Amino acid sequence: MVTALTIAGSDSSGGAGIQADIKTMTAHHVYAMSAITALTAQNTTGVSGILEVPPEFLAQQLDSIFTDIPPQAVKVGMVSSGSLIAVIAQKLRRYGAAHIVVDPVMVATSGARLISEEAISVLKEELFPLAEVLTPNIPEAEVLSGLTITDGASMERAAEAIGSRYGCAVLCKGGHRVKDADDVLWSGGTITWLHGKRIDNPNTHGTGCTLSSAIAANLAKGRGLVEAVEQAKRYLSGALADGLDLGQGSGPMNHAFAISGDYADLEV
Ligand SMILES: Nc1ncnc2c1ncn2[C@@H]1O[C@H](COP(=O)(O)OP(=O)(O)O)[C@@H](O)[C@H]1O
Ligand SMILES: Cc1ncc(COP(=O)(O)OP(=O)(O)O)c(N)n1
């Protein structure tokens with residue numbers, strides 16, 4: 001079975017973070033493993049608390065995983081401190097991890113800040129150079145590139161600036177656009193637009209986590225980057241279009257939209 005690992009924070013409401021990643025990888029028939037960086041007390045209306053794991057314990061989780069079931073791809077999500085990022089980079093290097101997707105999570109939809117200022121510089125120095133692809137949303141791409149993004153051309157410029165600086169591909173996500181949901185991939189000097197119809201659904205909690213873990217699942221299966229991103233976007237759009245409506249704020253998507261869940265006729 002194809003295997004993948006998510007290194008991210010736990011979302012108690014199940015729509016983002018580790019929970020979204022495991023659901024997404026499972027929906028792709030990929031065996032999902034996790035290394036938890038922090039617990040969040042969170043629901044669809046906001047984040048009320050964050051409890052980071054000690055760096056030594058994150059290291060222990062990563063050693064346990066890599067020495068037993070090596071993942072064929074790794075997704076890195078919320079990592080709030082520089083010391084945790086340094087541990088991740090050291091372990092990914094040591095074990096020669098392949099197909100690393102880094103979602104530079106900074107702020108949740110609800111407005112909660114999920115990374116410290118010092119951690120952003122460690123992210124850039126230690127983790128970005130190991131990544132196959134980074135997946136910033138528009139505000140994150142602005143922070144990382146130092147450019148203002150107002151349209152498709154400036155999304156392309158920001159993706160190129162980040163990608164050429166850190167030597168990896170960059171998917172600048174367009175969920176924060178108004179009329180469409182077009183994302184742009186910059187990879188080795190080539191621009192590929194992934195056009196997405198804007199779905200009229202206010203429940204977008206965890207879209208970024210879901211997209212990045214779907215990309216990791218597809219890379220783990222051996223797909224090339226462009227195809228992995230295209231397939232991931234298709235999955236994300238399906239989960240969003242399913243129209244799940246839970247909670248009082250920006251709710252989660254239906255990660256299981258394509259799974260029947262009916263095993264009555266299964267012969268065992
Ligand atoms: N309303 C929407 N309709 C269709 N796709 C969307 C919508 N909102 C977000 N997306 C898609 O979800 C993915 C995550 O994007 P985005 O919301 O920008 O990331 P983040 O969750 O990190 O802020 C992207 O592929 C984006 O185009
Ligand atoms: C534990 C945890 N990790 C990440 C996020 C942010 O999720 P993301 O999909 O990037 O973005 P939003 O959907 O929240 O905009 C989170 N909330 N919790």
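The first residue in the sequence is number 1, and the count goes up from there. Counting convention: from 1, in listed order, for ligands and their atoms alike. Keep in mind that this is a model prediction, so the values were computed, not measured.
- Ranking the protein heavy atoms by distance from atom 5 (N) of ligand 1 puts A181 CB, 3.3 Å first.
- With ligand atoms numbered from 1 in the order given, ligand 2 contributes 13 (O) to contacts under 4.0 Å with heavy atoms of T204.
- Looking only at protein heavy atoms, the nearest one to atom 1 (N) of ligand 1 is I199 O, 3.0 Å.
- With hydrogens and angles left out, the side-chain atoms of K75 and S213 include no donor and acceptor closer than 3.5 Å.
- Environment of CG in D151: crowded, with over 12 heavy atoms of neighbouring residues, nucleotides or ligands closer than 6.0 Å.
- Between the side chain of S145 and the backbone N or O of A161 there is no donor-acceptor pair closer than 3.5 Å.
- The shortest heavy-atom contact between S64 and D68 is O-CB, 3.5 Å.
- When only modelled atom types and interatomic distance are considered, Q19 and S10 share a side-chain donor-acceptor pair under 3.5 Å.
- For atom 22 (O) of ligand 1, the closest heavy atom belonging to the protein is K173 NZ, 2.8 Å.
- Side-chain N or O atoms of N201 include one that pairs as donor or acceptor with a backbone N or O of L240 at under 3.5 Å.
- Taking every non-hydrogen atom of S10 and a distance limit under 4.0 Å, the qualifying atoms of ligand 2 come out as 1 (C).
- Side-chain contact, D63 with Y95: a donor N or O sits under 3.5 Å from an acceptor N or O.
- Only side-chain heavy atoms of L211 come within less than 4.0 Å of ligand 1; its backbone N, CA, C and O stay farther off.
- Within a 6.0 Å sphere centred on OH of Y31, other residues, nucleotides and ligands contribute 12 heavy atoms or fewer.
- Annotation: atom 24 (C) of ligand 1 to nearest protein heavy atom, D183 OD2, 3.4 Å.
- At the top of the distance list for atom 12 (P) of ligand 2, counting protein heavy atoms only, stands T109 OG1, 2.8 Å.
- When L194, T210, D103, N137 are checked for heavy-atom proximity to atom 23 (O) of ligand 1, N137 turns out nearest.
- The nearest heavy-atom contact from the protein to atom 9 (C) of ligand 1 is G175 CA, 3.5 Å.
- At the shortest separation from atom 17 (O) of ligand 1 among protein heavy atoms lies T207 OG1, 3.2 Å.
- Taking distance alone, with nitrogen or oxygen atoms compared against 3.5 Å, L114 stays at or beyond that limit from ligand 2.
- An N or O contact shorter than 3.5 Å is missing between N201 and ligand 1 by distance.
- The proximity of D182 to ligand 1, defined as any non-hydrogen pair under 4.0 Å, does not occur for either the backbone or the side chain.
- Ranking protein heavy atoms by distance to atom 7 (C) of ligand 1, first place goes to L240 CD2, 3.5 Å.
- With a 6.0 Å radius and a threshold of 12 heavy atoms from other residues, nucleotides or ligands, H195 has its NE2 atom above the threshold.
- Listed by number with element, the atoms of ligand 2 under 4.0 Å from a non-hydrogen atom of G9 are 1 (C).
- Side-chain atoms of N203 and S250 include no donor-acceptor pair closer than 3.5 Å.
- Ligand-side atoms of ligand 2 in range of G206: 9 (O), 12 (P), 13 (O), range being under 4.0 angstrom from any heavy atom.
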Query raised in the report: Would R93 and E126 count as a salt bridge (Lys or Arg N to Asp or Glu O under 4.0 Å) if you check the C-alpha gap in whole Å, the side-chain angles of each, and the deciding distance to 0.1 Å?
Result: CA-CA 10 Å; R93 273 195 302 265; E126 301 256 358; 3.6 Å; yes
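- In H205, the parts holding a heavy atom less than 4.0 Å from any atom of ligand 2 are both the side chain and the backbone.
- Residue C209 has at least one N or O atom closer than 3.5 Å to an N or O atom of ligand 2.
- Distances below 4.0 Å separate heavy atoms of K233 from the following atoms of ligand 1: 25 (O), 26 (C), 27 (O).
- Close approach to T207 involves these atoms of ligand 2, each under 4.0 Å from a residue heavy atom: 9 (O), 13 (O).
- A distance-only check finds no donor-acceptor pair linking the side chain of R94 to the backbone of A89 [under 3.5 Å].
- At a 4.0 Å heavy-atom cut-off, ligand 1 touches L236 through the side chain alone.
- Ligand 2 has a nitrogen or oxygen under 3.5 angstrom from a nitrogen or oxygen of Q42.
- For the pair L5 and A35, the tightest heavy-atom approach, listed with the atom from each and the gap, is CD1-N, 3.8 Å.
- A 6.0 Å sphere centred on CZ of R234 holds no more than 12 heavy atoms belonging to other residues, nucleotides or ligands.
- Only the backbone of K197 comes within 4.0 Å of ligand 1, counting heavy atoms alone; no side-chain atom from C-beta on gets that close.
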